[in-house]
Amino acid sequence: MRVKQLLVCMALVSTGFSAQAAQASFESVQDVLTRNACLSCHTIDRKVVGPAYKDIAAMRKGDPANAEVIAQHIRQGSKGVYGPLPMPANPAISDADIQVVVDWIMAGAPKE
């Protein structure tokens with residue numbers, strides 16, 4: 001197996017990304033986003049304070065290893081990725097909630 005394929009497989013296993021998880025209902029994702037105050041800075045289709053979820057999905061599509069990058073940005077925050085404003089860390093969000101959001105973003109941030 002080539003190194004890149006191995007890394008992708010490792011990323012899928014480590015993040016728990018699965019096609020089934022990506023099919024989570026939009027209502028469950030919206031609940032997670034609401035409970036964790038994500039929607040105060042992000043929306044699905046347009047930039048507010050932070051980038052739109054669709055823009056994050058477009059930037060990260062095609063490489064399953066990006067699921068871990070998104071999860072780290074949610075948990076630890078980020079700076080300079082989507083512009084000059086930093087994203088604050090969100091240490092209180094549960095691993096399960098992060099997984100729901102990451103799987104949804106990796107699936108393209110669908111509204112359905």
Side-chain angles (χ1 to χ4, degrees):
M1 186 180 288
R2 294 185 310 196
V3 173
K4 184 171 181 174
Q5 289 172 322
L6 180 60
L7 291 173
V8 168
C9 290
M10 288 171 55
L12 288 171
V13 170
S14 71
T15 61
F17 182 79
S18 69
Q20 182 181 12
Q23 306 268 332
S25 74
F26 178 68
E27 291 78 21
S28 66
V29 172
Q30 192 169 26
D31 176 59
V32 170
L33 298 176
T34 301
R35 282 188 289 108
N36 291 284
C38 304
L39 297 173
S40 60
C41 294
H42 301 277
T43 68
I44 296 167
D45 317 272
R46 62 182 171 76
K47 178 180 176 27
V48 180
V49 175
Y53 288 112
K54 292 273 187 187
D55 294 339
I56 298 168
M59 180 180 184
R60 300 294 177 182
K61 73 179 179 182
D63 186 353
N66 282 325
E68 182 60 30
V69 171
I70 295 169
Q72 286 177 352
H73 287 181
I74 294 170
R75 172 76 67 213
Q76 300 169 2
S78 64
K79 184 163 90 172
V81 179
Y82 298 96
L85 292 176
M87 177 173 161
N90 194 345
I93 189 171
S94 73
D95 291 341
D97 283 353
I98 287 177
Q99 194 63 56
V100 167
V101 174
V102 168
D103 288 346
W104 173 70
I105 291 171
M106 292 301 293
K111 283 188 175 180
E112 303 172 356

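Every value quoted in this text rests on a predicted model; they were computed, and no experiment measured them.
- In this structure, N66 and M106 approach most closely via the heavy-atom pair C-SD, 4.2 Å.
- Between Q99 and D95, the side chains place no donor N or O within less than 3.5 Å of an acceptor N or O (distance only, hydrogens not considered).
- Using a 4.5 Å heavy-atom threshold, the side chains of M87 and V81 count as separate.
- The shortest non-hydrogen separation linking R75 to P91 is NH1-O, 3.1 Å.
- Taken from CH2 in W104 to CD1 in I56, the straight-line distance is 8.5 Å, to the nearest 0.5 Å.
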**Message:** As a quick check of understanding, evaluate side chain to side chain contact (heavy atoms under 4.5 Å, CB included) for D45 and K111, giving each step before the final call.
**Reply:** CA-CA 10 Å; D45 317 272; K111 283 188 175 180; 3.0 Å; yes
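- Here the straight-line distance linking atom CD1 of I70 with atom CD1 of I105 works out to 5.0 Å at 0.5 Å rounding.
- Under the 4.5 Å side-chain heavy-atom criterion for grouping Ile, Leu, Val, Met, Phe, Trp and Tyr, M59 is not connected to V69 through any hydrophobic cluster.
- Residues I98 and I44 share a single hydrophobic cluster, defined by chaining ILVMFWY side chains whose heavy atoms lie under 4.5 Å apart.
- Applying the side chain to side chain donor-acceptor pair (under 3.5 Å) criterion to K47, with sequence neighbours excluded, gives no partner residue.
- Atom OH of residue Y82 and atom NE2 of residue H42 lie 9.0 Å apart, to the nearest 0.5 angstrom.
- Panel note: side chain K54, backbone A109; a donor-acceptor pair is recorded below 3.5 Å.
- Of all heavy-atom pairs spanning P110 and A107, the tightest one is CD-O, 3.9 Å.
- Residues forming a side chain to side chain donor-acceptor pair (under 3.5 Å) with R35 (at least two apart in sequence, or on another chain): D31, D97.
- A chain of hydrophobic side-chain contacts below 4.5 Å, direct or via other Ile, Leu, Val, Met, Phe, Trp or Tyr residues, connects L39 to V102.
- Panel note: side chain R60, backbone A65; no donor-acceptor pair is recorded below 3.5 Å.
- In plain terms, the two heavy atoms of C41 and V48 that are nearest each other are O-CB, 3.6 Å.
- Nearest heavy-atom pair, Y53 versus C38, reported as atom, atom and distance to 0.1 Å: OH-CB, 3.2 Å.
- Minimum interatomic distance between N90 and N36 (heavy atoms only, all atoms of both residues): ND2-O, 3.8 Å.
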